[in-house]
Asks: 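Just dropping this structure here.
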Amino acid sequence: MSANQPLAPYHRITIKIGSALLVDRAGKLRAAWLAGLATDIAALKAEGRDIVVVSSGAIALGRGLLGLSATTLTLEQSQAAASAGQIALSQAWAEALGQHGIVTGQILITPNITEERRYYLNARTTIQTLLGLGAIPIINENDSVATAEIRYGDNDRLSARVATMIEADLLVLLSDIDGLYTAPPARDPSASHIPLVETITPAIEAMAGGAASHLSRGGMTTKVEAGKIATQAGTAMIIAKGTEPHPLRSLAEGGLHTLFQPVASRAQSRKRWIMGTLQVSGSVQIDAGAVRALNQGRSLLPVGVTRINGDFERGDTIAIAGPDGREIARGLSGLDSADARQVIGKHRDTIIALLGAGSRSELVHRDNLVLIGAKEELHS
Ligand code: GLU
């Protein structure tokens with residue numbers, strides 16, 4: 001990886017922008033800064049990259065719009081501010097990227113969407129479809145309805161979940177500081193900059209301290225938390241300074257930053273997750289031909305399935321057994337059990353006739369499938 005061109009290796013980049021960059025202390029949009037950032041984003045997109053933006057700033061903008069000047073808002077006030085501000089925020093992005101002929105799509109997220117497989121798959125499909133259509137998804141937390149118990153509350157961790165959900169290879173957190181220091185530099189002038197974090201150790205966590213800026217919720221602590229989420233799922237993370245007029249261009253040209261290296265490949269981490277953390281919701285039995293196909297690394301097609309047990313939703317984990325009933329693999333089902341029952345033993349053309357042209361032709365895609373024999377290799 002070239003240290004001179006930090007963004008060069010990455011194809012799908014999630015960029016998180018903090019409130020303090022987008023909104024000034026008076027609650028006004030920093031329109032000129034956003035225009036510069038939009039130029040940078042358009043340039044990255046023109047190079048063929050998929051870009052997804054996670055933008056804060058709804059509450060900060062809404063405060064200004066609603067004339068809420070108190071230092072601390074009540075929960076109700078901040079939810080009202082988020083509601084008013086989100087419209088302004090979306091409009092600002094649509095206009096800024098629209099200048100470059102780029103269409104934006106808004107997606108508001110609550111934790112159930114990133115944590116529950118069914119919602120997760122739908123949100124991911126929407127984001128992928130937007131990207132496929134050349135648009136840029138603009139994502140924020142759905143602050144106006146999220147309750148105190150079920151919210152991220154900070155867009156650092158939210159952006160890490162989004163980045164891993166869409167299998168971005170990089171998450172960039174644009175902040176008011178150019179990376180991680182051995183101690184918060186505002187408190188300790190002798191603190192030194194850390195260019196590379198290979199593993200997030202307790203010592204690294206301790207360096208994050210607790211300092212937050214005037215508007216952001218997170219500070220360095222939630223950024224390091226975001227780093228843990230991202231790197232464990234195979235997504236690299238960069239913290240870079242966003243205050244310059246062209247922050248992504250500066251970064252692409254080698255600007256100071258901290259890179260958090262991924263600890264696992266994305267495929268490895270998804271497979272580990274399939275094997276380790278999910279309940280099995282149902283099972284299927286497959287024929288000898290399908291067993292051979294799976295052993296050759298291919299997807300599980302309905303034609304090779306002889307039996308479906310249990311009720312499951314699309315995206316649930318299912319056990320896959322061979323003709324002798326022994327479990328040989330696990331995977332995420334591409335169909336719910338009702339649709340799956342209709343199409344087992346059938347070929348693609350019949351499946352399309354039964355379920356429609358948009359339906360999936362695999363019961364379990366090979367990317368979402370783990371052979372039981374391969375388990376050890378995943379834990380290495
Ligand atoms: N979602 C919040 C907003 O748009 C920002 C949360 C954060 O600062 O991390 O205002």
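These numbers come from a predicted model, not from an experiment. Order of listing sets the numbers, starting from 1, for every ligand and every atom in it. When a residue number appears, it is its place in the shown sequence, counting from 1.
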Asks: Give yes if a backbone or side-chain nitrogen or oxygen of Ala58 is under 3.5 Å from a nitrogen or oxygen of ligand 1, and no if not.
Replies: yes

Asks: Just distances here: any N/O of Lys16 and N/O of ligand 1 closer than 3.5 Å?
Replies: no

Asks: At a non-hydrogen distance cut-off of under 4.0 Å, which region of Ile59 contacts ligand 1 (side chain, backbone, both, or neither)?
Replies: both

Asks: How would you list all residue pairs meeting side chain to side chain donor-acceptor pair (under 3.5 Å) that involve residues 338-348, not counting sequence neighbours?
Replies: Arg348-Ser361

Asks: Show the atoms of ligand 1 that are less than 4.0 angstrom away from any heavy atom in Asp154.
Replies: 9 (O)

Asks: Would Ala60 count as being in polar contact with ligand 1, using the rule that some N or O on each side must be under 3.5 angstrom apart?
Replies: no

Asks: Heavy-atom distances under 4.0 Å are what count here, so tell me which part of Asn155 touches ligand 1: side chain, backbone, both or neither.
Replies: both

Asks: To the closest 0.5 Å, what do you measure between CD (Gln106) and CG (Leu130)?
Replies: 11.5 Å

Asks: For Arg314, which residues count as a salt bridge (Lys or Arg N to Asp or Glu O under 4.0 Å) partner, sequence neighbours excluded?
Replies: none

Asks: How close do His257 and Ala240 get, heavy atom to heavy atom, and via which atoms?
Replies: CB-CB, 4.1 Å

Asks: Using a 4.0 Å cutoff against the non-hydrogen atoms of Asp143, which atoms of ligand 1 qualify?
Replies: 1 (N), 2 (C), 3 (C), 4 (O)

Asks: Does any part of the side chain of Ile41, heavy atoms only, come nearer than 4.5 Å to the side chain of Leu248, both counted from C-beta?
Replies: yes

Asks: Please confirm whether Ala82 comes under 4.0 Å of ligand 1, counting heavy atoms of the residue only.
Replies: no

Asks: Provide the closest heavy-atom pair for Arg157 versus Tyr152 in the form atom of the first, atom of the second, distance.
Replies: NH2-O, 2.7 Å

